[in-house]
Amino acid sequence: MLWLLDALERDPGRDQLIDMLGRRVRALPLGRVRDVLHGTWLGHPVHPMSIHLPIGSWMSAAVLDLKPGRSRQADLLVALGLAGAAPAALSGLVDWAELRREQQRVGLVHAWANTAAVGLYGASLVMRLSGKGAKGRALGYLGLTAVGAGGLLGGHLAYRQAAGANHAEEVPHVVRDGWHRVGGVDEFPVGEAVRCVVDDVPVLVVRESGGEVHALAERCSHLAGPLSEGTVADGCVRCPWHGSVFRLSDGWNVGGPATAPQPAFDTRVVDGSVEVRLPLHEVPEAPYGSDALTETSVDGHRPSR
């Protein structure tokens with residue numbers, strides 16, 4: 001199974017279709033609704049949450065179809081699942097348009113499977129309402145099979161390909177406590193994004209005209225795009241890959257598709273050098289029983305995790 005999924009990721013046969021669909025989805029005049037569908041307001045993608053209504057309804061209908069005399073309740077659940085499929089599909093579609101090519105290849109087949117499920121359940125409902133309950137139930141079980149195939153591909157997208165995951169989550173667990181020198185003040189031109197490295201973690205540093213210095217994790221939380229190659233304007237940085245916008249002062253994601261903010265660093269200037277550190281409330285506790293609770297390095301900081 002894993003070999004088949006890997007082959008699906010590498011197959012370029014649908015790339016022209018993916019390019020065409022992606023352009024059309026990105027061109028939809030959704031305005032601020034696009035960020036709502038991404039889940040910027042929620043802190044994680046909306047799509048995984050929105051699929052519970054159709055899947056739960058259809059699974060419940062399948063259980064009721066096993067018992068005689070439950071046809072009306074099952075019919076209602078099939079119809080409810082169809083009604084919930086539209087917003088789930090739309091939220092998934094806007095997310096899909098902002099993914100990497102390998103993720104889009106899997107996501108397209110995921111969408112095909114779910115589209116087939118909707119078609120089968122639509123036909124099932126028609127059969128049920130026409131008094132052809134046996135055919136309606138059979139089509140329903142075929143639809144549930146298609147939903148299962150789509151769910152397998154969706155799980156591969158989320159857990160193997162990390163679509164929708166926060167790609168900056170590990171930063172507070174990798175950077176050591178305390179202040180870290182990232183360079184002299186003169187190395188940071190005003191208003192320009194500069195990439196530095198702290199404990200092997202890329203960090204974006206921007207010095208403003210008033211002398212204030214901001215520092216964020218440099219890899220975008222959406223899909224790890226290089227923010228140092230993005231555009232700095234109006235106190236924010238825009239990711240060059242998919243256009244997510246983050247506030248420099250605190251890393252807040254003010255524009256999607258990113259749903260998680262960027263880890264932000266405290267900054268200070270000491271003797272002409274810029275130093276950064278993780279905010280104290282973001283420094284994770286060492287695990288129980290870890291030597292990190294008592295060990296210190298030569299500069300007084302806890303050792304790397």
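Values in this document were obtained by computation on a predicted structure and should not be read as measured data.
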How far apart are the closest heavy atoms of D65 and A74, and which atoms are they?
-> OD1-CB, 3.3 Å
Enter the distance from L82:CG to W58:CH2 here, rounded to the nearest 0.5 Å.
-> 5.5 Å
If you group Ile, Leu, Val, Met, Phe, Trp and Tyr by side-chain heavy-atom gaps below 4.5 Å, do L53 and L120 land in one group?
-> no
Are any side-chain N or O atoms of S57 and backbone N or O atoms of P54, one a donor and one an acceptor, separated by less than 3.5 Å?
-> no
At what distance, to the nearest 0.5 angstrom, does CD of E187 lie from CD of E192?
-> 13.0 Å
Should the pair D95-R34 be classified as a salt bridge under the 4.0 Å nitrogen-to-oxygen rule?
-> no
Kindly indicate, with the supporting measurements, whether the criterion side chain to side chain contact (heavy atoms under 4.5 Å, CB included) is fulfilled by R277 and F265.
-> CA-CA 5 Å; R277 74 172 182 184; F265 293 79; 5.7 Å; no
Step by step, work out the salt bridge (charged side-chain N to carboxylate O under 4.0 Å, His left out) result for D19 and R14.
-> CA-CA 9 Å; D19 289 337; R14 299 167 305 282; over 6 Å; no
Could you tell me whether F246 and W252 have their ring centroids closer than 6.0 angstrom?
-> no
Main-chain N/O of V213 paired with T267 side-chain donor or acceptor, under 3.5 Å = yes
What's the verdict on side chain to side chain contact (heavy atoms under 4.5 Å, CB included) for E275 and H180, showing C-alpha distance, side-chain angles and the deciding distance?
-> CA-CA 5 Å; E275 297 181 349; H180 304 266; over 6 Å; no
Write down the atom of S50, the atom of S91, and the distance for their closest heavy-atom approach.
-> OG-OG, 3.3 Å
Over 12 foreign heavy atoms within 6.0 Å of CE, M127 = yes
Can I get a per-line list of side-chain donor-acceptor pairs under 3.5 Å for residues 225-240, giving both atom names and the distance, sequence neighbours left out?
{"unit_1": "S228", "atom_1": "OG", "unit_2": "E218", "atom_2": "OE2", "d": "2.5"}
{"unit_1": "R238", "atom_1": "NH1", "unit_2": "G243", "atom_2": "O", "d": "3.2"}

Taking atom types as modelled and ignoring hydrogens, do the side chains of E98 and H38 form a donor-acceptor contact shorter than 3.5 angstrom?
-> no
If you count the non-hydrogen atoms of other residues, nucleotides and ligands that lie under 6.0 Å from CE in M20, is the total more than 12?
-> yes
Heavy-atom closest pair, residues Q161 and E102 = NE2-O, 3.2 Å
Relative to each other, are the rings of H47 and H110 parallel, tilted or perpendicular (30° and 60° limits)?
-> perpendicular
What do the steps show when you test R195 against V197 for side chain to side chain contact (heavy atoms under 4.5 Å, CB included), and what is the final call?
-> CA-CA 7 Å; R195 181 183 185 274; V197 177; 3.8 Å; yes
Output side-chain donor-acceptor pairs under 3.5 Å for residues 130-153, partner residues at least two apart or in another chain, one line each.
{"unit_1": "S130", "atom_1": "OG", "unit_2": "V126", "atom_2": "O", "d": "2.8"}
{"unit_1": "Y141", "atom_1": "OH", "unit_2": "A62", "atom_2": "O", "d": "2.7"}
{"unit_1": "T145", "atom_1": "OG1", "unit_2": "Y141", "atom_2": "O", "d": "3.0"}

Distance (rounded to the nearest 0.5 Å) between H242 NE2 and R26 CZ = 8.0 Å
Taken to the nearest 0.5 Å, the spacing of L204 CG from Q262 CD works out to 8.5 Å
Ignoring hydrogens and angles, tell me if any N or O in the side chain of R105 forms a donor-acceptor pair with the backbone of D11 under 3.5 Å.
-> yes
Determine all donor-acceptor pairs shorter than 3.5 Å in which one atom belongs to a side chain in residues 205-212; sequence neighbours excluded.
{"unit_1": "R207", "atom_1": "NE", "unit_2": "F188", "atom_2": "O", "d": "2.8"}
{"unit_1": "R207", "atom_1": "NH2", "unit_2": "F188", "atom_2": "O", "d": "3.1"}
{"unit_1": "E208", "atom_1": "OE1", "unit_2": "H214", "atom_2": "NE2", "d": "3.3"}

Would you mind reporting whether Q103 and L157 have side-chain heavy atoms less than 4.5 Å apart?
-> yes
Determine whether L108 and L17 make a side-chain contact, defined as any pair of heavy atoms from C-beta on separated by less than 4.5 Å.
-> yes
Determine the minimum heavy-atom distance between L37 and V94, stating which atoms define it.
-> CB-CG2, 3.6 Å
Atom pair OG1 (T259) and CG (L42), whose distance is rounded to the nearest 0.5 Å = 8.0 Å
Enclosure of R32 CZ (heavy-atom neighbours >12, cutoff 6.0 Å) = no
Main-chain N/O of A258 paired to S221 side chain as donor or acceptor, under 3.5 Å | no
Determine yes or no for a side-chain-to-main-chain donor-acceptor pair under 3.5 angstrom, with D199 supplying the side chain and V201 the backbone.
-> no
Would you find a donor on one side and an acceptor on the other, under 3.5 Å apart, between the side chain of H52 and the backbone of M49?
-> yes
Can you get from V118 to L76 by hopping between Ile, Leu, Val, Met, Phe, Trp and Tyr side chains that sit under 4.5 Å apart?
-> no
D75 versus L125, closest heavy-atom pair with distance = O-CD1, 3.7 Å
Drop me the distance from S244's OG to D35's CG, to the nearest 0.5 angstrom.
-> 8.5 Å
Please walk me through it: do R101 and I18 pass side chain to side chain contact (heavy atoms under 4.5 Å, CB included)?
-> CA-CA 8 Å; R101 179 49 50 89; I18 288 171; 3.9 Å; yes
Of the non-hydrogen atoms in D266 and P279, which two are nearest, and what is the gap between them?
-> OD2-CA, 3.4 Å
